[in-house]
Amino acid sequence: MEYEPRTIEKRWSDWWKKHQVYRVVETSDKPKFYILNMFPYPSGAGLHVGHPLGYIASDIIARYKRQCGFNVLNPMGFDAFGLPAEQYAIEMGIHPAVSTEENIRRYRQQMENIGLSFDWSREIRTCDPKYYRWTQWIFTLLFEHYYDYDADKALPITALVERLEKEGNARVRAACNADTPLITAQEWHRFSEKEKQLFLLQYRLTFPEESFVNWCPALGTVLSNDEVKDGVSERGGYPVERRRMKQWSMRITAYAERLLRGLEEIDWPEAIKDQQRNWIGRSQGALVRFPVEGHSGRFVEVFTTRIDTIYGATFMVLAPEHELVSAITTPAQWSEVQGYVKWAASRSERERISEVKRVTGVNTGAFAINPFSGNAIPIYVADYVLAGYGTGAIMAVPSGDQRDWNFAKAFGLPIVPILDSQKNLDQAADPTKEGRYINSGIINGLTYEEAVPKLLRWLEEKGLGKARIQYKIRNAIFSRQRYWGEPFPVYWKDGVPYLLPESELPLVLPEIDKYLPTETGEPPLARAQHWRYRPTPNEAYEYEYSTMPGWAGSSWYWYRYMDPHNDEAFCGREALHYWRCVDWYIGGPEHAVGHLLYSRFWNHFLYDLGLVPEREFAKKLINQGMIQGRSSIAFRAKESFYEEYLWVKVLKPYLDNFGPMHIPKNRAEESFTYDFAFASNDLAIEVVSWKKSDKIESVCQAAEADGKRLLVLFTEELAADINSPEKIAQRIQQALESREPFFMSRTVPEVEQLFVSFELTAKYSPECFSRLHVDISLVEDDVLDVARACERPMFQKAKFKVGPDGQFRCTYEIEKMSKSKYNVVNPDEVIEQYGADCFRMYEMFLGPVEASKPWDTKGITGVQGFLKRLWSLYVGQGNIWLVQDVDPSRQELCALHSAIKKITEDLNRFSLNTCVSHFMTLTNELRALKCHKKAILEPLVVLLAPFAPHLAEELWHRLGHETTVCDAPWPAWDERHLETDRVVYPVQINGKHRGNIEVDARASREEIERTALQQDFVLRYVGNGSVKKIIVVPGRIVNIVV
RNA sequence: GCCCGGGUGGUGGAAUGGUAGACACGCAGGACUUAAAAUCCUGUGGCCGUUGAGGCCGUACGGGUUCGAGUCCCGUUCCGGGCACCA
């Protein structure tokens, strides 16, 4: 019987379901292994072949670990809140819950088709009230805590209140807003309830605040920085603007140092760790206060990482938004400064970034005193200094910083060298730390290492500054003005947010009539008319109308899988302490600073509260690469193509007949003129589209003024005859011979678009074409199936200019798979044709899991052939069972055991592509040996089970087993079978491989040397020269140095 | 600009400092077949030479360390990703 994947796979996927083979329980004395895939957002397009890469890889590991005796948790769920479902709802009027449900159903079906061993009894969905109840609960915890730097952890806000009552906040070292005032206990006691609540918001780990946000008018919502790409929304590509709005924030900055330190203890790819470090952006430096001349008590406070350069500070720069700007600007400079500040404010973020090179700024007229030198230095305002970073002001050291240098050059400010090693300061800044200081007062002659502590000591003694660590990371905006997300468990009373009591959770999303913002610009939830919090019959408070962002539900979900149906807790203690944390986490690298950083933040917080057992939620992270699509691209002619075509293909070859050509010049300057004219004749030619035939009149006038007759050629008729240029030449010939003043066709062919085969496009300017994505199902080997293409709306009125072989060719591009690029390959179709096992192994065989690579179905036949050959070791023609219980030979055992060894080792280092090749090699060897022995083939089935579970299960049962192969213990290799009597040593002469010798496996070093030196090929190279040295690496190689 | 990756046959990719190109795809030739498909066999980095000799070159480029370098070090270059007036 032939290998029939479809029959086999159906049989066993049903059987697994029936016997609940993938059900996991905590009551096990086996060691635990928790492997987790980043859960997907269930989009309407379904899974494409790129999605399962990580799922398959993790499934193989999950199955392997299970066979190794671990109790494996391998769950799957859905990150089901999100913008696309809401956009779909707005367009189609379908409730997001309905379309989400439908998409999830499809995703699950597709995943089951692949044979993934997920325990579906643990499936979770972030949009399920039973789930988001706990997302809301965690939010309430964040609201009720603050971060205390002395304890270096989150503490209850009640602890802060106690301290405020006793001693005010002067000695409280905690994460808080930058402008939090110092208050005494007396002041605290004098606060009203409202004032107290507002004051506490400055400490809470989540809090509402006015902040600049990325507002997307088209989507009617706020986007986070990582949802904005190049100034437009990641989803939909709509423009985004900066706007000041009241938003909930997460005080992730409190955890900056912890998140940075925590990276040391986790096994994550360095690239991801680097990105997180970069994002957190720790920089060590100093805060320095520069007194403002003539304003006693006012200081310009700056942060610098190069305190050692302070003697080179020849001016100061404030951000336009800096509060000192209006206070210190002199009357003479007032209007200029005001004008600049206003102008800077009007510029969008995008403009500012796009004009990086331009130096702008203005002098305030005020001076600051350099605390070290006592020099008065001018204070400028410029928008290259950012209000949001550091103190919003800098000391400018043009000799060391290129931006300061540019500014100094533009404004004629002095550039003072401060290190004897600085070079070419007239051409650029030199940021070196080498050498010894000059022009630098108390640090003259010192090195960098000596200077910094001395300066810091001096500053601290004088009370003018101190060492300081600064972070780039900002608090994370946590609210979105949209419908399909978790509601905040918050109501507003007297302008103050209060938490709902826990008994009110979950606060369920209300039904609304439309999923759009209200007419007054409030979020969609404001449409829910009677949706109010009513603690007593006489009270009614508005809820918070924003919803939580996509990352809320994904920042803790791995705990819910441990205990998904628990109504008493986010996760039961027992399950929590059994599974503890994720052992292997698999997902794309695009989540480096979004999901993965927020998740770590929440986890550190939950850890502080003693709610979870580990500081870091995922010990090991693996990034799977992206499987890209191979898009097919066709070239569509633009109007300028026809002119070039006419010139190159028609006029040039026939020029001898027609006489010299004249192409009218200065076309841009004149209002309109024709395209060609014959110098020796009175005929002019104009190429124009039928759709633009209203232009003809002005062309006629131009021709008349020139004294020419006019031939109008429509692009449509050129397109229709595109494969026969001689017809067009004929038409021109007729026009030349005729004496009519004006020629054009009365009827124009119904051709609207002309596509040009790729190999022909090189002859024309690139501007002649637009590039269009073509559905890849219409293309094979870059050749378009023209007949089938014409049935598509896109090609309805198209004409194709084919190549010399009569074929129409496309070009291709490797890019992300997406519906809009028509390059999506659906796994269902591949599975239908080749089977799930083949699909799984092929995806692994494609290359390392971490690498991105284009999907290419060509190689899949190789894997298919391998599976067929493997099958034929067990089952012969006519469904004959070939496996016999016969003692295996030495050679067969060696082949098997070396495969066991390689596959096991490669699994442990997560090299799954090479595992597949080891299977191929073993199969090829066993076929060559005509091996049908049970002692060899049974372990092979067990090895194969993680990779091709259906096929393995089938063969396992045919071998007489009744229970699942998933629980068949992983075989161990026996070194004895790997040993051989004779070993082959490659022999190098001076490091170049020249031949091989075969010696006894137990041969001594001397024997090997002797054997090597006796070889003809060695003697040839050694000749009469003496052998200087022989290196023998046991089991490896012999190298003879002559 | 800064920070990470990465450059190996026609292609995807192998290679704890130890025979570069495993395993596949593709291609070429052959077997089976009326034919095709399927299957099987052989060859396949380049150049020169042989036609059962062999030699030279070869892992982006240039140096270095080493008995030995795709692998380690220094420099250059190209490609990909991330961050960015971040003081």
Side-chain angles (χ1 to χ4, degrees), chain A residues 2 225-226 269-279 281 283 285-286 302-307 309 313 317 319 352-353 355-360 382-386 388-397 400-404 406-407 431 470-474 589-590 592-593 626 842 845-848 850-863 865-866 868-869 872 902 905-906 909 911 913-924 927 984-996 1017 1020 1028-1033 1035-1042:
Chain A
E2 287 266 302
N225 280 332
D226 40 296
E270 271 311 308
I272 297 286
K273 290 194 191 181
D274 269 329
Q275 277 186 60
Q276 294 209 348
R277 285 189 194 108
N278 214 317
W279 190 262
S283 51
V302 301
F303 173 73
T304 175
T305 53
R306 289 293 303 274
I307 185 66
T309 65
V317 185
R352 283 174 72 153
I353 289 168
E355 285 181 33
V356 168
K357 293 286 169 277
R358 235 174 89 194
V359 179
T360 67
D383 68 355
Y384 81 90
V385 175
L386 305 174
Y389 182 72
T391 63
I394 60 158
M395 64 176 209
V397 183
D401 183 285
Q402 191 57 43
R403 288 156 312 173
D404 296 347
N406 293 344
F407 194 86
Q470 186 78 34
Y471 300 91
K472 265 189 278 190
I473 190 170
R474 312 291 171 81
E590 65 275 16
V593 290
M626 191 172 51
Y842 182 56
F845 188 59
L846 232 36
E850 296 90 337
S852 286
K853 53 244 158 185
W855 175 259
D856 180 359
T857 334
K858 278 186 193 142
I860 201 169
T861 52
V863 176
F866 148 70
K868 282 184 186 170
R869 287 190 287 272
S872 71
K902 286 184 202 155
E905 285 173 349
D906 284 358
R909 61 188 185 101
S911 173
N913 55 329
T914 50
C915 285
V916 179
S917 22
H918 300 321
F919 277 115
M920 290 174 169
T921 310
L922 176 60
T923 304
N924 291 345
R927 267 170 59 83
V984 174
Y985 276 88
V987 178
Q988 297 183 330
I989 318 281
N990 290 335
K992 272 185 197 277
H993 177 228
R994 296 298 179 185
N996 297 327
F1017 69 87
R1020 203 170 340 132
K1028 286 196 187 125
K1029 199 172 174 184
I1030 304 183
I1031 292 117
V1032 178
V1033 184
R1036 277 280 175 204
I1037 205 162
V1038 178
N1039 190 11
I1040 301 168
V1041 186
V1042 296

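Values reported hereafter were calculated over all heavy atoms of this structure, with side chains retained and with hydrogens, waters and symmetry mates removed. Naming convention: chains lettered A, B, ... in sequence-line order (proteins, then strands); numbering from 1 in each chain.
- Listed nucleotides: C86(B), A38(B), U19(B). Nearest to the side chain of Lys868(A): A38(B).
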For Ser917(A) and Thr914(A), run side chain to side chain donor-acceptor pair (under 3.5 Å): C-alpha distance rounded to whole Å, both residues' side-chain angles, the deciding distance at 0.1 Å, then the answer. CA-CA 5 Å; Ser917(A) 22; Thr914(A) 50; 5.5 Å; no
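- Side-chain nitrogen and oxygen atoms of Arg927(A) include at least one within less than 4.0 Å of the OP1 or OP2 phosphate oxygen of C40(B).
- You'll find that the side chain of Thr914(A) is closest to A22(B), out of U19(B), A22(B), C4(B).
- Using a 4.0 Å heavy-atom distance criterion, Lys858(A) is classed as a sugar-phosphate-only contact.
- Pair assignment for U51(B) gives none, since no Watson-Crick or G-U wobble pairing has each distance under 3.5 Å.
- The backbone N or O of Arg994(A) sits nowhere less than 3.5 Å from a side-chain atom of Gln988(A) that would complete a donor-acceptor pair.
- U77(B) is paired with G7(B) under the criterion used here, namely a Watson-Crick or G-U wobble arrangement in which both key atom distances are under 3.5 Å.
- If you take atom P in C83(B) and the same atom in U39(B), they sit 47 Å apart, rounded to whole Å.
- Distance check on atom C1': A36(B) versus A31(B) gives 16 Å, rounded to whole Å.
- C86(B) is unpaired under the criterion used here, namely a Watson-Crick or G-U wobble arrangement in which both key atom distances are under 3.5 Å.
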Report, as a single string ordered 5' to 3', how protein heavy atoms within less than 4.0 Å touch nucleotides 47-68 of chain B: B base, S sugar-phosphate only, - not at all. --------SSS---------BS
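- Glycosidic conformation at G52(B) (O4'-C1'-N9-C4 for purines, O4'-C1'-N1-C2 for pyrimidines): anti, more than 90° from 0.
- Within the 4.0 angstrom heavy-atom criterion, no nucleotide atom of any strand lies near Asp856(A).
- One can place CD of Glu905(A) at 12 Å from P of A15(B), the figure rounded to the nearest angstrom.
- Under a 3.5 Å cut-off, the side chain of Arg927(A) and the backbone N or O of Leu922(A) do not form any donor-acceptor pair.
- Contact annotation: Ser283(A) reaches the phosphate of A87(B) (side-chain N/O to OP1 or OP2, under 4.0 Å).
- For the C1' atoms, the distance from C47(B) to C72(B) is 31 Å, rounded to whole Å.
- Summarising the base pairing, C56(B) is matched to G46(B) through a Watson-Crick or G-U wobble pair whose two defining distances lie under 3.5 Å.
- Panel note: side chain Asn913(A), backbone Leu846(A); no donor-acceptor pair is recorded below 3.5 Å.
- Distance CZ (Phe845(A)) to P (A22(B)): 11 Å, rounded to an integer number of Å.
- A36(B): no Watson-Crick or G-U partner with both key distances under 3.5 Å is found in any strand.
- Comparing Val1038(A) and Asp906(A) by the nucleotide of RNA chain B whose heavy atom lies nearest to each, the residue mapping closer to the 5' end is Asp906(A).
- Remark: the backbone N or O of Gly995(A) is paired with a side-chain donor or acceptor of His993(A) at under 3.5 angstrom.
- For the P atoms, the distance from C56(B) to G6(B) is 33 Å, rounded to whole Å.
- Base pairing of G17(B) is not made with any nucleotide, judged by Watson-Crick or G-U wobble geometry with both donor-acceptor distances under 3.5 Å.
- At a threshold of 4.0 angstrom between heavy atoms, the contacts of Pro848(A) are confined to the sugar-phosphate backbone, with no base atom among them.
- The side chain of Arg277(A) contributes no N or O atom lying less than 4.0 Å from OP1 or OP2 of C83(B).
- When rounded to the nearest whole Å, the span between CD of Glu590(A) and C1' of C83(B) equals 17 Å.
- Note: CD (Gln275(A)) to P (C86(B)) measures 18 Å, nearest angstrom.
- Nucleic acid contact for Asn913(A): sugar-phosphate only, since backbone atoms but no base atoms lie under 4.0 Å from a heavy atom of the residue.
- When the P atom is used for both G75(B) and C3(B), the distance is 12 Å, rounded to whole Å.
- Proximity of Met395(A) to Thr304(A): side-chain heavy atoms (C-beta onward) are separated by under 4.5 Å at one or more points.
- At C40(B), one or more side-chain N or O atoms of Arg869(A) fall inside 4.0 Å of OP1 or OP2 (strictly under the cut-off).
- Taking every heavy atom of both residues into account, Tyr985(A) and Ile1037(A) meet most closely at CD2-N, 3.7 Å.
- As a whole-Å value, the separation of Glu270(A) CD from G5(B) C1' is 12 Å.
- Summarising the geometry, the separation between CZ on Phe866(A) and P on A22(B) is reported as 18 Å, rounded to the nearest angstrom.
- Between the side chain of Asn1039(A) and the backbone N or O of Gly991(A), at least one donor-acceptor pair lies under 3.5 Å.
- Across the protein-nucleic acid pair, Phe1017(A) atom CZ and U19(B) atom C1' stand 11 Å apart, rounded to whole Å.
- Minimum heavy-atom separation, Thr391(A) to Val302(A): OG1-CA, 3.4 Å.
- Between the P atoms of U11(B) and U16(B), the separation comes to 23 Å (whole Å).
- The gap from the P atom of A60(B) to that of G55(B) amounts to 25 Å, rounded to the nearest Å.
- Where Ser917(A) and Asn278(A) each meet RNA chain B at their nearest nucleotide, the meeting point lying more 5' is that of Ser917(A).
- Rounded to a whole angstrom, the distance from the C1' atom of U59(B) to that of G46(B) is 13 Å.
- Between the side chain of Lys853(A) and the main chain of Pro848(A), a donor-acceptor pair closer than 3.5 Å is present.
- Atom pair Asn406(A):CG and C85(B):P shows a separation of 15 Å (rounding to whole Å applied).
- If you check distances only, the side chain of Arg1036(A) never reaches the base of U19(B) with a donor-acceptor pair under 3.5 Å.
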